[in-house]
Amino acid sequence: MYDHNKGPASAPRHDAYLVGAYSRLSIPYPSPDLFDAGSRHTRRFRSVPEFIPHALWLLTDPNLVRSNCNCKYCNKKPQREITASMGLLPRRSTPLSAPPAVRRATTGRGLASAASAAAVPSAPISIRPARERAQPYAAIRRVPRPVKQSHGPKQSMLRERNVDLRSAYAEGVNLRKWYRDGELLWCALNTPIPGLTCEKDAITFWPGIVEEARMKAEAIKFPAVGEGVHIAGENGAQDDESSKATQNGNGSNAGNKEVPWTVIQTLSYKVKLLGIPFSYYIPADQVLPYQAHAPSDELIQAIHRVPIEQMNTDTDSFRPTDSSTFIDAAAAYAVAVQIAANLAGYWAPTDDWEYKFSVPPPNVSPTSGIPPRPMPSAHLGASLDSVMNASMTFNASLANAISSAGPSFAAHSHTGSVSAPPPIALTQTVTQTRYQGLWWGAERIWADELVRLKLSRSQIAPKGSENILPPAGPSRNSLEYTKTLSVAEGNGGAVVGAESRGVFMRIDGLYVADISRSNGTTGKVCRAMGMLYELIDEDWEGDLPGGGGNDDDGGKGKGKGKGKAIEVPATLENGTSGERGDSTAARGSAPAVDVVSKSKERSANEQLSHPILSSPFPLPLPPEGFKFRPILYPGYEAVLSLTLIAGRYYPRLLRHPLLDNYVEEALHREGGHVIETSQLWALEGLAPGYYNTMDPVRWRASRVIMVREADKEARQGLEEHWRARIRERDEIRALESGHLAPQPLPSSTAMDTDSDAPVVRQQDIQPEAMVVDS
């Protein structure tokens, strides 16, 4: 045992190092080979967590096979990963991504923090004080009624919002653009960079930021008679966005013999690759959303195994080419992955505007035979039209009161003491700041867009509630198919309906609400509102007896949810009432829909100047074999915290050619891999969103600031990690060159406990290793 000194000479830090012997000691020992085993593979252990797995191997493995040892020196794993497996890591206060048990992909996205801790495991870790985090908010309320304006709107819908939504969801669009400027994507390399050992550690995707989308039109001559030509048409949303030739328009030129040409459009994105100064145009079918891919564990481990002296830490000089090697790309790729992980931790609402809605007065039940109360002579804020309507209502009610009260009241009414019209219950107008869009981690989300929620359908009123329909059960065909499989396989497998799948929200608005904290202060939180949807079988027509366990009748207006599994607030802030309406006809089950129905009620977007037929856009295509079904009654909406949003919904993403291998592997996996497979299915809502979610926690004012900070923090963290690896290498070389062989113990059995143990002091004047901000 040695005392390793590090830091200033006047006040060094003391670390206990355990240094192994190099040669067999000439002392009686039952097995000299066993005594030597701990010193053949490493020179020293720098902390107790480093030595624990090695000591366990020495004590438990009778054959001392090195591959069975789990220490960092024998197994070549980062110490942080080993320490975490033993449950010795301190709890992180503000994680940027989901826990590893929920999202496996995040294990490879924090390179700097994991690597720095592995390089300096004995250094004290500074943890910022935990900030009070508000509990997620969820409630149901009536949709606020926007104020009817007498003049045209003075505010306008953002041009980028209209273009992005129209190019993705408008009807009649053959070539859909799903990715927006500033979003974070994975770009497939033309030639993957081979790994050190196998295909699993090869670099096949590189993270990048979209700079612009380019639509290219090309005139193609029709083939002569007998020749064939293939023009890809609309075949699923993800096929629409592919860069393959897609015919524009309705193809009327195809039947016109006088025009032997047709126009073919292709879509590509200009992407700036992270970590290196390199931008290029990439076909649309060669990119994936950030949540659809993650570096494999084998790839991350391969980066850690590259010797520091061979790493090209000058990332500005690297360009991915056909001749690039893994060692050349390791440093640049590590920086790029760390920048992407940092960028996914930021969020910000954008493009605020003022939304005005009216809060109706409380209903006052009329009293029979009693005339209305007198009205003051002046009504502040009342318009002429409202005063005239109130007067007409008063006259009618007064005549009814006089006729029903009899002659005595009539005589009294002619004595000149006729009361004034009743007071007008003024409708309160509330002005609320709303936002048209949102930066949510790697993605750009707009209002009027369908997003995935973290919640499972079984978590939202599993038996129905006052304003929420119960989950839909399986269809008849699903039940029959399951029964056939049960008979064929000899098991009693059960099939569930929508309750096992995810939940979607069509965002109608984004606003900031004031909340009260436990310490007496107030804060602001951002919330989203809109209709909730579930996924039901495409041939679902209503739950069968015993099929789904609910009383929904498939939209025929007679089914009502019975029982309340959870408490759902009926009223919210802003004075909006959540009581049930008088009409019972509208309380029936909401039918399954594929597009948004054109409501006659006024929409919030009417207060924004926007092109016609642009809001709301139709819902996107549901996953193959399913359809969307609203789960709230008409006239109601859900209000949720932004922390419940998992990310954007990309229609038919699982049919993307770059995901074929992943989908095929997931379909052939057996039990025990629920998390890995559910992470893939959650992209389309076939599994709850918490399996694949975005969790940004750091607010910044603009996207430019987010990118700059993510780049700066990633480079600083990795540069410090590389310096720590260099220091570690130098320490190993110093120990090897200046190592003193341990002296043999005295031959006597009695040991002098008062004798001084040899102490080797090394002065290493170096700054403390920086702990990367998590």
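- Using a 4.5 Å heavy-atom cutoff, the side chains of I705 and Y346 are not in contact.
- Salt bridge status for E50 with R46: present, with a side-chain N to carboxylate O gap under 4.0 Å.
- Heavy atoms only, all atoms of each residue included: C71 and P53 are closest at CA-CG, 3.7 Å.
- At a cut-off of 3.5 Å, with distance as the only test, a side-chain donor of N342 or Q338 sits close to an acceptor on the other residue.
- Less than 6.0 angstrom separates the ring centroid of H54 from the ring centroid of F45.
- Taking the six-membered ring for Trp and the full ring otherwise, Y333 and F318 have centroids separated by 6.0 Å or more.
- P295 approaches I300 most closely through the heavy-atom pair CB-CD1, 4.0 Å.
- Among the candidates L184, V287, L185, the single residue satisfying the side-chain contact (heavy atoms from CB on, under 4.5 Å) test with V210 is L185.
- Between the side chain of R452 and the main chain of A682, a donor-acceptor pair closer than 3.5 Å is present.
- Remark: E728 does not engage R723 in a salt bridge, criterion side-chain N to carboxylate O under 4.0 Å.
- Using a 4.5 Å cut-off on side-chain heavy atoms (C-beta onward), L659 and L288 make contact.
- For the atom pair CG of L686 and CG of L680, the computed distance is 9.0 Å after rounding to the nearest 0.5 Å.
- Using a cutoff of 4.0 Å between basic side-chain nitrogens and carboxylate oxygens, R648 and E183 are scored as salt-bridged.
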*Kindly determine whether V335 and R715 satisfy side-chain contact (heavy atoms from CB on, under 4.5 Å), including the steps that lead there.*
CA-CA 6 Å; V335 172; R715 294 182 184 276; 4.1 Å; yes
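- Checked for salt-bridge contact, D695 and K454 meet the test: a charged N lies under 4.0 Å from a carboxylate O.
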Requested in this report: Applying side chain to side chain donor-acceptor pair (under 3.5 Å), run through E443 and Y650 and close with a yes or a no.
Outcome: CA-CA 12 Å; E443 298 174 339; Y650 300 92; 3.1 Å; yes
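- Taking the ring axis of W347 as reference, the NZ or CZ atom of R698 does not stay both within 45° of it and closer than 6.0 Å to the ring centre.
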